Amino acid sequence: MPYDLSERLVIGLASSALFDLSQSDQVFREQGEAAYRIYQRDHEDIPLVTGVAFPFIKRLLSLNELSPEDPPIEVVLLSRNDPETGLRVMKSIEHHELGITRAIFLQGRYPHRFIPALNISLFLSANRQDVDQAILAGHPAGQVLSSGDLDLTDEEELRIAFDFDGVLVTDESETIYQQQGIDAFHEYERANAQVPPEAGLLAVFLRKLAHIQMLEKQREEETQGAYRPKVRVSIVTARNAPAHERVIHTMRSWGVTVNEAYFLGGIAKEHVLGIIKPHIFFDDQASHLSATSDILPSVHVPFGQLNQGLGIIKT
């Protein structure tokens, strides 16, 4: 029977998100494709250095121990390399003992076309152009930003943090705030507190994470507490009262219970994120991420009106 992806949490991953490709990219930019091909062949057996999304992916894949015979998580490599130059990436994956066995090599073509076919709930890449193409097509994607602080310890807990508007839901309310001000925003949110906003690009990803957390709770009960759940999910938003209530009702309507919520009301997010230290943080606003990417792995979801006309915010 074919390998069914429909019930799994599937991540599509560019090699630029998983590994530090700065040296090989420099060869490509400065010397061209032929030199790049030779460089990758000559360095084929030299493992690539881990990149920004590596700690997140490593911890996520470890959750397949919940059901080794029917793993709940699948990570598929979507690479702009051709199969030959991509061999170094696959060997690096093997070297770092990551459970990634499926890959698509596209020789420079956009990978977003394969997101629906592979039931991908999240596509990560350091290439803004690839991410933009995915989002224009309505697919869940984010640009992994460079960061100098990667948690490569053996800690098992996986902490994931989300902004709310423009990430988990659309930017409907954010647009009211930008166009009409904070008072109109609060009035709108109070009137619609019981009405969930339209789901955003990463809503399915959050729901799939909630399913993984349910499997963890089942394992904890079966083992009488010998197994300790690893996944911890937070919402970190600039909303505050009275706009907080709609967030809670939205999670309830989705059947999702997050572990933590921070309603900061304009307090700089990095102050809180620096304490909870998520292994990955998703936000739609470049102004928030310019600070957080210095202290933790951050992903820009360039969705909605706030991102119209923006280019790459950090490479």
Side-chain angles (χ1 to χ4, degrees), residues 17 52 112 115 121-147 160-192 195-206 234-240 242-244 246-247 250-251 261-273 278 280-315:
V52 175
H112 71 275
I115 291 175
S121 298
L122 175 66
F123 170 63
L124 294 176
S125 175
N127 186 313
R128 174 62 184 268
Q129 197 172 27
D130 285 349
V131 171
D132 281 343
Q133 289 297 321
I135 287 181
L136 283 171
H139 303 319
Q143 181 194 7
V144 174
L145 308 180
S146 62
S147 176
I160 303 173
F162 298 91
D163 181 26
F164 186 69
D165 296 279
V167 176
L168 296 178
V169 299
T170 65
D171 63 343
E172 159 207 347
S173 297
E174 176 66 31
T175 300
I176 291 174
Y177 168 65
Q178 294 292 333
Q179 295 178 352
Q180 302 179 41
I182 189 67
D183 291 339
F185 167 75
H186 279 155
E187 181 180 348
Y188 181 80
E189 292 303 297
R190 188 182 286 108
N192 291 277
V195 182
E198 183 181 348
L201 293 176
L202 268 57
V204 171
F205 174 49
L206 176 62
S234 304
I235 291 178
V236 182
T237 173
R239 286 172 174 253
N240 60 347
H244 70 296
R246 198 176 189 197
V247 176
T250 299
M251 294 298 103
Y262 300 86
F263 301 105
L264 299 180
I267 297 172
K269 292 183 179 181
E270 65 267 22
H271 297 324
V272 166
L273 291 165
I280 199 161
F281 169 57
F282 300 91
D283 201 306
D284 67 317
Q285 293 197 39
S287 58
H288 298 159
L289 293 163
S290 59
T292 65
S293 61
D294 289 334
I295 60 173
L296 54 92
S298 300
V299 176
H300 185 212
V301 182
F303 170 82
Q305 293 191 19
L306 287 175
N307 289 288
Q308 290 181 3
L310 293 182
I312 295 174
I313 65 173
K314 193 169 185 178
T315 60

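Hydrogens, waters and symmetry mates are skipped; everything else that's a heavy atom, side chains included, is used. Please read all numbers here as calculations on a predicted model, not as lab measurements.
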Please determine whether the number of non-hydrogen atoms from other residues, nucleotides or ligands lying under 6.0 Å from atom CD of Q178 exceeds 12.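 More than 12 heavy atoms, drawn from other residues, nucleotides or ligands, come within 6.0 Å of this atom.
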
Where is the tightest heavy-atom contact between [X] and [Y], given as atom of each residue plus distance?
X: V169; Y: P197; value: CB-CB, 3.9 Å
X: A141; Y: A134; value: CB-CB, 3.7 Å
X: P140; Y: L201; value: CB-O, 3.1 Å
X: V52; Y: S146; value: CG2-CA, 4.0 Å
X: T170; Y: A199; value: CG2-O, 3.6 Å

For residues 160-176, which residue pairs qualify under salt bridge (Lys or Arg N to Asp or Glu O under 4.0 Å), counting only residues two or more places apart or in two chains?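 Checked against salt bridge (Lys or Arg N to Asp or Glu O under 4.0 Å) - neighbours excluded - the pairs reaching residues 160-176 are D163-K269, D165-R239, E172-R246.
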
Can you name the ring pair (Phe, Tyr, Trp, His ring centres under 6.0 Å) partners of [X], sequence neighbours left out?
X: Y262; result: none
X: H244; result: F263
X: F205; result: F162, F282

In the structure I gave you, are the side-chain heavy atoms of [X] and [Y] within less than 4.5 Å of one another anywhere?
X: D132; Y: P302; value: yes
X: F303; Y: V167; value: no
X: V247; Y: E189; value: no
X: V144; Y: P297; value: no

Rounded at 0.5 Å granularity, tell me how far [atom1] in [X] sits from [atom2] in [Y].
X: T292; Y: L145; atom1: OG1; atom2: CG; answer: 7.5 Å
X: F185; Y: T175; atom1: CZ; atom2: OG1; answer: 11.0 Å
X: I176; Y: Y188; atom1: CD1; atom2: OH; answer: 4.5 Å
X: H186; Y: S173; atom1: NE2; atom2: OG; answer: 10.5 Å
X: F123; Y: I135; atom1: CZ; atom2: CD1; answer: 10.5 Å
X: L296; Y: L289; atom1: CG; atom2: CG; answer: 9.0 Å

Show your reasoning for whether side chain to side chain contact (heavy atoms under 4.5 Å, CB included) applies to I267 and V272. CA-CA 9 Å; I267 297 172; V272 166; 5.6 Å; no

Give the C-alpha distance, both sets of side-chain angles, the deciding distance and a yes or no for side chain to side chain contact (heavy atoms under 4.5 Å, CB included) between V301 and N307. CA-CA 9 Å; V301 182; N307 289 288; over 6 Å; no

Please enumerate all residues that pass side chain to side chain donor-acceptor pair (under 3.5 Å) together with S121, with sequence neighbours excluded.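 None.
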
Tell me, please, which residues at least two apart from S234 pass side chain to side chain donor-acceptor pair (under 3.5 Å).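 Side chain to side chain donor-acceptor pair (under 3.5 Å) check on S234 returns E260.
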
Got a donor-acceptor contact below 3.5 angstrom from the H300 side chain to the D283 backbone?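 Not at all, since once roles are kept as given, no pair shorter than 3.5 Å links the two residues.
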
